[in-house]
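Because only heavy atoms are used, hydrogens play no part in the values below, and waters and symmetry mates are left out as well, while side chains stay in. Everything numeric here is computed off the predicted structure, so don't read it as measured data.
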Amino acid sequence: MLITTRFLVQSYPSNSRSIESKLTLAILIGAPLFMILVAVSSLFVRERAAKDQFDNKLAELRNSGMPVDNESMQQFINSHTSDQYVQDWLQVFASLSSEEFQIESNSVAVLGTHIQGDIPASGQPWPDQIAQQNLLTNQHSDPTGASGDTQYASEQTTRSFLDRWSDLSEQAMRLALLQLKPDAKTARFISDYGNQDFFDHLQQLRTASRLLRLRGELAAYDRDSAQLSSAILAMRGCAAVIDQDLSLISQLVKDAINNSAIDLHKMCIQRDLLNEEHLVIILPEILKGAQIGSGWKMAMVGERAFVLSAFQGEFSGQQLSPLPFRSRDALYSLKLFDRILDIPQDDLDQFLLGHKQNEMWFQQLRTGSLLAQFDTALTSELAPSLDSAAKAHVRSVLGHRLAALAIGLRLYELQNGRFPASLGELISLNVAGVQPLNPDQLMPPGGTPVGYQLENDHAVLWGFDLMKEHCTPDQIPDYSTSSELPLWVWRLQATGQEP
């Protein structure tokens, strides 16, 4: 008995320590596993809740007729576009992309990438004539250049090229002008905006607009107001082909084409090459671009549908399994586009500020906590960055506002024999078929009016480049060294005088 008692007394502490160690080990192993289990369970619960919320929002968008996936996108495109002239356009595109056209277009200005010099003002020598004269007088080196590859814009080559491709340019002009009709719809070239054909069509449309611009510049040299007016309008028609396209890229290409048309228009207004009849015809089309139109919102609707399709596993027309644990990510995408679509479009300052604030909001979100970064990973990759695109679009709108005011100035001068002392006098403009122009409705962003002053025999109108200033400068800005199209300063010579 004594021996047994002694054994129990001696062995009890050892057993106690063993049990204590096992409990500690169990806690060390079990607690993290339990925490992981709780975290994973919470993640699943969180994902389930987000998935239900996402599905409900998708259903709301579908019920309102908005595209949210490839199928609804196709239905939306079919209802908002037309294939009436698509085959005609595709024939034009085929000719523009032909090897023969590509080779021959390299020998003329506007289309040729290595042609030196532009089509001159009426009565002025062409670049090839200047180069030849410089060679004869030893003022410069051989005009063919050291490599022998340099070519200069030539009147004979330009006219021969346009004669050679007259049927093509006439067809492009006819189709483009049809696009300006009130009931015209965006052309239904393709429904897959990630397809290479889509980008090829955009490039060919730009080439068509350049061909029309070449016609316009030659018409300016010939002082042919009717041909000039048709070329400017047809270039705008090329842009109208994709006005309601469900793609941000299409909107940027549209702006680029319109800006080129504005640049040609600016040259004509400054040189007094358009008569009153054609100014009156052009003005309503210019005013259409002087506001942020429905095309921008349509592009945002399309971009949202593209992003939402990806969250549902649809990539480039293929149905794959959706990525796991992305429902909160998808909700952030929806919130991002809701904020974008709620930005006011009738005020340029609010439009710019809204996109800037939206960009800052999402940037702070995606660089926040690790959980926030996880929840916005796919949205960060798919959603477009719109701050710069919004600025580019507003620049185009401002260019249109300057162009509209410039037409008003020219019409006022034709009616009164002088330019107005201030832009406010344009309200009294009384020309048949022209609504009085109110400069207050054509304000640039920044809160200061468009600049205007009279200098001797001409009027100067100016705005500003949003990439360089925030409002209209007091003095006429100098953009002579800018590589951008010089849309911001307009110098209108008095009627009958060359600049």
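- S230 contributes no side-chain N or O that, together with a main-chain N or O of Q227, makes up a donor-acceptor pair within less than 3.5 Å.
- Remark: F419 pairs with no residue by the ring pair (Phe, Tyr, Trp, His ring centres under 6.0 Å) rule, at least two apart or across chains.
- Not one N or O on the side chain of Q453 forms a donor-acceptor pair closer than 3.5 Å with the backbone of A459.
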Run the side chain to side chain contact (heavy atoms under 4.5 Å, CB included) check on S333 and L382 step by step: do they pass? CA-CA 9 Å; S333 282; L382 295 177; over 6 Å; no

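- Contacts of Q124 classified as side chain to side chain contact (heavy atoms under 4.5 Å, CB included), with partners at least two apart in sequence or in another chain: P120, A121.
- Between G216 and L228, the shortest heavy-atom distance links the atoms O-CD2, 3.3 Å.
- Side-chain contact of H355 with N358: a donor-acceptor pair under 3.5 Å is absent, judged by distance alone.
- In this structure, the side chain to side chain contact (heavy atoms under 4.5 Å, CB included) partners of E359, at least two apart in sequence or on a different chain, are S385, D387.
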Check the pair S422 / E425 against side chain to side chain contact (heavy atoms under 4.5 Å, CB included), numbers first and verdict last. CA-CA 6 Å; S422 70; E425 293 185 41; 4.0 Å; yes

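- Other residues, nucleotides and ligands contribute at most 12 non-hydrogen atoms within 6.0 Å of the NZ atom of K391.
- Applying the ring pair (Phe, Tyr, Trp, His ring centres under 6.0 Å) test to H393 and every residue at least two apart in sequence or in another chain returns W296.
- The backbone N or O of R418 lies less than 3.5 Å from no partner atom in the side chain of N416, so there is not a single donor-acceptor pair.
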Can you check side-chain hydrogen bond (donor to acceptor under 3.5 Å, both in side chains) on T81 and Q244, steps first, answer last? CA-CA 8 Å; T81 61; Q244 300 290 306; over 6 Å; no

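- Taking Q156 as the reference, S154, S160 meet the side chain to side chain contact (heavy atoms under 4.5 Å, CB included) condition, with sequence neighbours excluded.
- Atom CD of E381 has 12 or fewer neighbouring heavy atoms from other residues, nucleotides or ligands inside a 6.0 Å radius.
- Between the side chain of Q204 and the backbone N or O of L96, no donor-acceptor pair lies under 3.5 Å.
- With S209 as reference, I257 is the one residue of I257, V253, N258, V110 to meet the side chain to side chain contact (heavy atoms under 4.5 Å, CB included) rule.
- Counting only distance, with no hydrogens or angles, the side chain of S64 and the backbone of L61 share a donor-acceptor pair below 3.5 Å.
- Note that CD of Q203 is 6.5 Å distant from CZ of R206, once rounded to the nearest 0.5 Å.
- With 3.5 Å as the limit, one finds a donor-acceptor pair spanning the side chains of D69 and S72.
- In this structure a side-chain-to-backbone donor-acceptor pair under 3.5 Å is missing from H201 to F198.
- A distance of 14.0 Å separates CG in L348 from CZ in R395, rounded to the nearest 0.5 Å.
- Judged purely by atom type and a 3.5 angstrom limit, Y452 uses its side chain to pair as donor or acceptor with the backbone of P420.
- A side-chain N or O of S396 and one of N259 form a donor-acceptor pair less than 3.5 Å apart.
- A donor atom on one side chain and an acceptor atom on the other are found under 3.5 Å apart for R174 and Q171.
- Summarising the geometry, atom CZ belonging to F351 is positioned 12.0 Å from atom CD belonging to Q291; distances are rounded to the nearest 0.5 Å.
- Expressed to the nearest 0.5 Å, how far CG of L411 lies from CG of L429 amounts to 5.5 Å.
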Side chain to side chain contact (heavy atoms under 4.5 Å, CB included) evaluation trace for L405 with W490: CA-CA 10 Å; L405 291 170; W490 298 57; over 6 Å; no

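- Between D224 and R215 no salt bridge is recorded (no basic side-chain N to carboxylate O distance below 4.0 Å).
- Evaluation of the side chain to side chain contact (heavy atoms under 4.5 Å, CB included) rule for M443 yields P449 as partners, not counting sequence neighbours.
- Formation of a donor-acceptor pair under 3.5 Å by the D245 side chain with backbone atoms of S247 is not found in this model.
- The closest side-chain donor-acceptor pair between N78 and Q74 falls under 3.5 angstrom.
- Between V450 and W462 the shortest heavy-atom distance is CG1-O, 3.1 Å.
- Side-chain atoms of D243 never come within 3.5 Å of backbone atoms of A239 as a donor-acceptor pair (strictly under, hydrogens ignored).
- Looking at every heavy atom in both residues, L178 comes nearest to A184 through O-CB, 3.7 Å.
- Note that CZ of R410 and CD1 of I269 are 6.5 Å apart. Values are rounded to the nearest 0.5 Å.
- For R213 and E217, the salt-bridge test passes: some basic side-chain N is under 4.0 Å from an acidic carboxylate O.
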How far apart are the C-alpha atoms of D200 and F93, what are their side-chain angles, what is the distance that settles it, and do they pass the side chain to side chain contact (heavy atoms under 4.5 Å, CB included) test? CA-CA 9 Å; D200 290 343; F93 292 166; over 6 Å; no

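- Side-chain contact of R366 with S380: a donor-acceptor pair under 3.5 Å is present, judged by distance alone.
- Remark: the E413 side chain and the T495 side chain contain an N/O donor-acceptor pair separated by less than 3.5 Å.
- Atom CG of L246 sits about 9.5 Å away from atom CD of Q251, to the nearest 0.5 Å.
- Sparse packing is recorded around CG of D167, with 12 or fewer heavy atoms of other residues, nucleotides or ligands lying under 6.0 Å away.
- No side-chain donor-acceptor contact under 3.5 Å links R491 to the backbone of V460.
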